[in-house]
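Comments concern the structure below.
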Amino acid sequence: MALTHKKPHLPSKICPVCQRPFTWRKKWARDWGQVVYCSERCRKNKNKHGD
């Protein structure tokens with residue numbers, strides 16, 4: 001009996017800095033609507049590469 005993962009059903013967004021997709025994480029559960037960047041690194045470099 002193979003276990004199926006539910007990860008394909010998680011929501012995802014595109015990071016405005018690196019243009020890579022990132023998916024929902026449990027630590028972002030309370031504020032997924034406000035999550036913009038995929039990582040701390042991209043958040044810190046938002047003025048260098050992004051909007």
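Quick caveat, the model's predicted, so the values are computed rather than measured.
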Quiz item: Roughly how far, to the nearest 0.5 Å, is SG of Cys38 from CZ of Phe22?
Solution: 6.5 Å
Anything under 3.5 Å between a donor and an acceptor, one on a side chain of residues 11-20, the other on a protein residue two or more places apart or in another chain? List them.
{"residue": "Lys13", "atom": "NZ", "partner": "Trp32", "partner atom": "O", "Å": "2.6"}
{"residue": "Lys13", "atom": "NZ", "partner": "Val35", "partner atom": "O", "Å": "2.8"}
{"residue": "Gln19", "atom": "NE2", "partner": "Pro16", "partner atom": "O", "Å": "2.9"}

Quiz item: What residues form a salt bridge (charged side-chain N to carboxylate O under 4.0 Å, His left out) with Arg43, not counting sequence neighbours?
Solution: Glu40
